[in-house]
Amino acid sequence: MKKSDGQLQDDVMAELAWEPSVDHADIGVSVVDGVVTLNGFVKSYPEKLAAERAAKRVAGVRAIAEEIKVRLPSEPKSADHEIAKRILDMFSWNVLIPEDGIKVKVEHGWVTLTGKVEWHYQSHEARKAAGRVTGVIGVNNLIEVKQLPVAADVKDRIMAAFKRQADLDAASVTVTTIGGKVKLGGKVKAWNERSIAERAAWAAPGVTAVEDHIVVA
């Protein structure tokens with residue numbers, strides 16, 4: 001009975017796991033019309049040959065496209081699945097990032113973050129953490145901030161936060177709210193004051209977007 005491509009893939013992966021001279025953890029297997037493609041990384045050339053031999057032993061394999069690369073243990077681990085694993089580890093160590101709400105996809109070093117969080121700072125922290133991982137060449141942050149009930153006094157809360165900041169002249173900043181969107185205007189004396197105002201606005205409950213039109217003068 002002819003095996004399906006899915007069955008062949010399972011059998012090849014099982015054979016690689018069974019072969020004691022092969023560390024199959026970093027080897028990927030795909031099958032199309034009985035043609036098996038091996039990719040990923042191994043630690044030596046003999047291990048690469050052993051992986052190819054193991055795949056050839058599986059009944060039903062018509063041909064093998066072998067794309068495994070040899071990578072020494074001292075070389076940086078920069079395969080997409082390794083980058084994704086390190087990003088998830090970074091998330092688990094950071095108490096500001098909710099692990100359950102964020103999904104990570106890595107393609108040729110480009111990271112795409114998706115999902116939903118309750119606060120903007122959580123999305124910001126996730127983007128920063130992903131960008132610090134070796135091998136990442138860019139981060140596309142598509143994480144959404146959940147639409148929470150907007151506090152009726154959100155403008156008052158933002159203004160109160162402004163007044164608590166010693167480095168910010170609250171009277172010089174204007175706040176307009178439309179649903180979960182906050183628009184900031186007015187003038188400040190320095191860029192750090194503008195950043196303080198923006199962070200305070202993002203910290204208000206229910207805020208999903210901040211438009212900063214504050215002028216530094």
Answer whether the closest heavy-atom distance between the side chains of [X] and [Y] falls below 4.5 Å.
X: Arg86; Y: Glu82; value: yes
X: Asn39; Y: Ile68; value: no
X: Ile143; Y: Ile102; value: yes
X: Ser30; Y: Val36; value: no
X: Glu15; Y: Arg57; value: yes
X: Trp110; Y: Ile137; value: yes
X: Lys3; Y: Val58; value: yes
X: Ile97; Y: Gln122; value: no

Run Asp26 and His81 through side chain to side chain contact (heavy atoms under 4.5 Å, CB included) and show every step you take. CA-CA 9 Å; Asp26 291 330; His81 73 283; 3.0 Å; yes

Between [Y] and [X], does any NZ, NE, NH1 or NH2 come within less than 4.0 Å of an OD or OE carboxylate oxygen?
X: Glu19; Y: Arg53; value: no
X: Glu52; Y: Lys56; value: yes
X: Lys43; Y: Asp23; value: yes

Same cluster or not: are [X] and [Y] linked, directly or through other Ile, Leu, Val, Met, Phe, Trp or Tyr residues, by side-chain heavy atoms under 4.5 angstrom apart?
X: Val32; Y: Val61; result: no
X: Trp93; Y: Val139; result: yes
X: Ile178; Y: Val145; result: no
X: Val106; Y: Phe41; result: no
X: Val70; Y: Ile27; result: yes

Rounded at 0.5 Å granularity, tell me how far [atom1] in [X] sits from [atom2] in [Y].
X: Lys128; Y: Asn141; atom1: NZ; atom2: CG; result: 12.5 Å
X: Leu113; Y: Lys105; atom1: CG; atom2: NZ; result: 12.0 Å
X: Leu142; Y: Lys116; atom1: CG; atom2: NZ; result: 13.0 Å
X: Glu144; Y: Glu118; atom1: CD; atom2: CD; result: 14.0 Å
X: Thr114; Y: Asn140; atom1: OG1; atom2: CG; result: 10.0 Å

If you look at every heavy atom in [X] and [Y], which pair is closest and at what distance?
X: Ala55; Y: Leu38; value: CB-CD1, 4.0 Å
X: Val175; Y: Leu184; value: CG2-CD2, 4.0 Å
X: Phe91; Y: Ala130; value: CE2-N, 4.4 Å
X: Gly60; Y: Leu8; value: O-CD1, 3.4 Å
X: Tyr121; Y: Leu96; value: CE1-O, 3.9 Å
X: Val210; Y: Ala201; value: CG2-CB, 4.0 Å

Got a sec: does the CE of Met13 have more than 12 other heavy atoms crowding it under 6.0 Å? no

Check: Ile214 main-chain N/O paired with Arg194 side-chain donor or acceptor under 3.5 Å: yes

Looking at Glu47, is its backbone amide N or carbonyl O close enough to the side chain of Ser21 to form a donor-acceptor pair, meaning the two atoms are under 3.5 Å apart? no

Does the side chain of Glu211 pick up a donor-acceptor pair with the side chain of His213 at under 3.5 Å? yes

